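These notes are about the structure you will find just below.
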Amino acid sequence: MTTGSQTPLETQMLEVSVGPQHPSTHGVFRMNVVLDGENIVKLKPVMGYLHRNHEQLAENMSYLGSMPFTDRLDYICGMTNNFAYALAVEKLAGIEVPEKAQYIRVLMAELTRLVNHTLLVGFLLNDLGAFFTPVLYAFREREKILDLFEAVAGSRMMVNYFRFGGVKADLPEGFLGKVKEILRNYPKFLDEFERLLSENEILRSRCQNVGILTKELAVSSSITGPMLRASGVNYDIRKVDRYSIYDRFDFRVPLGSVGDVYDRYYIRILEMRESLKILEQLIKQYPEKGDIISAKGAQAAKTPRMWKPAAGDAYARIEGPKGELGFYVVSDGTPKPYRYHVRPPSFINLTILEDMCLGHKVADAIVILGSVDIVLGEVDR
Amino acid sequence: MEFAENIFVSLKQGILKVLANFLPDWMVVLAAILISITAIAIFGPVTMMYLTWLERKVVGRIQNRFGPNRVGIFGLLQPIADGIKMLTKEDIVPESADRVTHFLAPVIVVMPALLVFSVLPFGRGMTAVNLNVGLLFFLAVSTLSTFAIFMGSWGSRNKFSVLGGMRAVAQMVSYEVPMVLSVVPVILAAGTLSTVEIVEAQAGGKWFLFTPWGFFACLIFFLCGVAEVNRTPFDIAEGESEIIAGFHTEYSGMKFALFYMAEFMGAFAVSGLTVTLFLGGWQGPWLPSWLWFLLKTYLFVLVMIWFRGTFPRLRVDQLMGFAWKVLLPFALLNVFVAALWTLLPAPKNHLVALAAEIAAVFLIWFFSRKDAPQKRTYTYAT
């Protein structure tokens with residue numbers, strides 16, 4: 001408050017448009033920020049620069065036809081996108097999935113989780129201002145998993161691997177050996193990463209108590225995934241729904257206590273360690289023999305344009321690496337879906353951005369955005 | 001040996017001797033100055049060119065890759081290729097920019113970076129100007145680059161540039177204080193401001209680094225120096241991930257290269273001064289003096305590159321807090337310790353100073369500990 005003759009210096013707010021061309025918005029995303037000095041007074045996320053009509057496209061083609069397009073939603077996690085869409089259509093048409101295919105699906109989903117979380121941690125560090133070292137370390141490990149995806153699906157990122165009622169192809173020879181090798185090396189890599197990052201004082205002081213998301217706010221704005229668990233809410237769809245065969249594996253759900261950027265970062269590291277545990281159990285239980293696709297599913301894959309599920313609707317969801325990924329499909333009995341809707345975790349997790357950023361510095365806003373873990377392909381669809 | 005030691009000095013004298021045959025005396029004096037200027041004007045940019053190469057190589061190795069290796073062996077011609085590319089690139093000036101300021105800023109920013117080389121003792125008898133206030137000159141001139149940075153940021157009329165420029169000024173103001181204070185112990189001990197005499201005061205392996213106050217002063221000085229030249233983890237003025245490129249967002253081509261040049265020459269000069277003040281400058285056995293100077297300087301340059309390869313960036317308020325809450329009181333206490341060391345009577349002074357230094361370190365740790373981040377434990381849901 002002013003005392004005596006002193007009057008406060010007159011200042012002006014600065015309106016800055018961060019993006020759509022900005023090195024740290026993870027794509028063509030824009031934040032309209034009002035700054036008081038370095039402090040954020042107002043922040044408005046602007047989406048839509050990468051809108052590609054995904055849902056409308058899917059409504060104008062066969063059910064299987066939009067399977068490759070789901071890869072392009074969250075282009076880092078093609079496998080899990082396939083997974084969620086396959087689950088939705090299987091639920092709609094009542095297709096069973098054979099045992100072996102279930103195992104392959106979970107194997108791919110957990111490998112994808114490793115890829116996503118590793119990359120996220122790397123990019124978060126880039127947002128913090130590290131000069132690409134963590135990203136490149138992350139890329140090195142990611143490449144090994146992408147090699148596996150290439151071996152099994154023929155493509156590294158745009159996998160198009162899942163089919164209704166199973167998967168496209170059986171695992172090639174020696175695949176599980178490669179997975180075992182990754183399982184052996186990954187803990188070492190995570191330890192190295194933690195020595196470089198988690199114990200780094202600059203990282204800790206930049207991340208701790210920044211962008212706090214309270215439990216109540218997180219739940220009321222339907223945040224999901226690691227971000228929700230970092231706020232201390234025990235909600236993991238793998239545990240809640242027990243879809244596919246997740247009830248056969250023993251894994252724990254790490255929970256944060258503060259809900260700041262550091263918790264979000266660390267929860268992901270812990271989740272990677274849990275994913276490794278799932279994979280280890282999976283390899284022990286893996287059935288060598290069996291079908292990879294059910295008869296009904298094979299029928300759908302053989303004649304996709306003739307295939308008509310009965311009229312009805314279905315919503316299926318999975319615990320994607322970024323949060324709850326859901327597909328809602330309505331059939332009117334024709335070969336094309338009547339309605340096709342995606343519930344993208346990145347998009348919904350992003351809606352809370354302003355509440356987390358207010359009162360922090362510009363630099364924090366970038367880090368908070370990084371910790372939300374968005375992929376613009378999924379935000380804008 | 002003797003030849004290698006004096007190679008540069010004799011070269012200059014040889015040229016002058018030849019010139020003296022057909023030039024009047026006053027022109028020979030002028031030529032002597034010109035030779036020094038030319039040497040620095042060549043040394044500075046060439047150092048910068050190969051520092052970019054070195055940084056890309058070393059950071060590449062830190063990151064599991066090779067770095068530049070396409071142009072020439074080990075990519076040694078890469079800086080030249082970069083130079084050609086920069087020179088032939090289109091020069092873009094934003095429409096609403098203040099054209100004069102925008103043009104002048106990159107020109108001015110290089111000048112202080114080159115000027116400070118004039119007082120660095122590169123070897124025995126190899127100081128361009130032996131100023132008796134050399135140290136003061138260095139500290140004063142090196143801060144001038146901030147004016148140019150602010151000119152550039154204001155002149156570009158870009159909000160990100162302005163943010164970067166503001167940050168640069170705030171950072172310079174904060175870090176100049178502990179930087180100057182950390183030099184005071186050296187002046188106390190050496191009793192002079194001349195860089196040449198400071199080096200001579202450390203003759204016979206009595207580097208100031210080996211004293212308790214010298215060690216911490218070196219630490220403070222080097223950290224402040226890194227902050228002064230805007231390098232990781234103090235590169236908030238550029239803040240690539242936050243404010244695009246900070247003060248040089250609107251610069252391209254050679255103008256951008258000039259900013260880059262100033263940064264790298266600044267990094268080299270600060271490392272050189274750290275060596276001069278605390279590591280005995282060019283003093284060292286066996287090798288020629290200038291080689292010793294370069295070796296020691298490159299040690300610090302490599303530390304800077306190492307920082308770049310490993311550290312994330314500090315936030316602006318943390319940066320200021322670090323300068324004012326940690327470095328400044330520490331530098332002040334350090335001056336006190338150095339005074340005890342040099343001014344107390346001989347037998348007990350070292351012991352007392354050492355005790356005082358330990359007390360100082362403890363004090364700083366005690367009062368800054370509550371700002372330190374915590375280690376967290378995580379629970380699992382059942």
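Keep in mind that the numbers below use all heavy atoms, side chains included, and drop hydrogens, waters and symmetry copies. Being a predicted model, the structure only gives us computed values, none of them experimental. Residue numbers begin at 1 in each chain, while the letters A, B, ... track the order of the sequences.
- Both the backbone and the side chain of B/Arg315 come within less than 4.5 Å of a heavy atom in chain A.
- Counting heavy atoms of neighbouring residues, nucleotides and ligands inside a 6.0 Å radius, atom CZ of A/Phe249 exceeds 12 of them.
- No donor-acceptor pair under 3.5 Å is formed between the side chain of A/Glu38 and the backbone N or O of B/Val316.
- With a 4.5 Å cut-off on non-hydrogen atoms, A/Arg206 touches chain B through its backbone and its side chain both.
- The two residues A/Phe132 and B/Gln63 make their nearest non-hydrogen contact at C-NE2, 3.5 Å.
- In this structure, A/Leu35 and B/Lys159 have side chains that are not in contact, with every pair of non-hydrogen atoms separated by 4.5 Å or more.
- Annotation: A/Glu15, atom CD; neighbour count of heavy atoms from other residues, nucleotides and ligands within 6.0 Å does not exceed 12.
- Proximity to chain B (any heavy atom under 4.5 Å) is shown, for A/Leu128, by both the backbone and the side chain.
- Contact record, A/Leu255 with B/Tyr378: O-CD2, 3.5 Å, taken as the closest heavy-atom pair.
- More than 12 heavy atoms of other residues, nucleotides or ligands shown are found within 6.0 angstrom of OH on B/Tyr380.
- Highest contact tally toward chain B, considering only A/Ile267, A/Val135, A/Leu270, is held by A/Leu270 [criterion: heavy-atom pairs under 4.5 Å].
- Residue-environment remark: OH (A/Tyr49) exceeds the threshold of 12 foreign heavy atoms within 6.0 Å.
- With a 4.5 angstrom heavy-atom cutoff, B/Val59 touches chain A only via side-chain atoms.
- Residue A/Val33: no heavy atom, backbone or side chain, is found under 4.5 Å from chain B.
- Under the 30°/60° scheme for interplanar angles, the aromatic rings of B/Phe160 and A/His22 are found to be tilted.
- Summarising the geometry, atom CG belonging to A/Leu203 is positioned 13.0 Å from atom CZ belonging to B/Arg313; distances are rounded to the nearest 0.5 Å.
- You'll find the side chain of A/Asp263 reaches within 4.5 Å of the side chain of B/Arg376, heavy atoms only.
- In terms of non-hydrogen atom pairs under 4.5 Å with chain B, the most contact-rich of A/Val367, A/Val258, A/Val362 is A/Val258.
- Atoms OH and CD1, on A/Tyr137 and B/Ile62 in that order, are 7.0 Å from each other to the nearest 0.5 Å.
- What you find for B/Pro312 and A/Leu125 is that their closest heavy atoms are CG-CD1, 4.0 Å.
- Across all their heavy atoms, A/Gln21 and B/Ile244 have their closest contact at O-CD1, 4.1 Å.
- Heavy-atom contacts from other residues, nucleotides or ligands closer than 6.0 Å to CH2 of B/Trp154 number 12 or fewer.
- Neither the backbone nor the side chain of A/Asp236 has a heavy atom closer than 4.5 Å to any heavy atom of chain B.
- Listed here is the closest heavy atom pair of A/Asn200 and B/Thr310: ND2-O, 4.4 Å.
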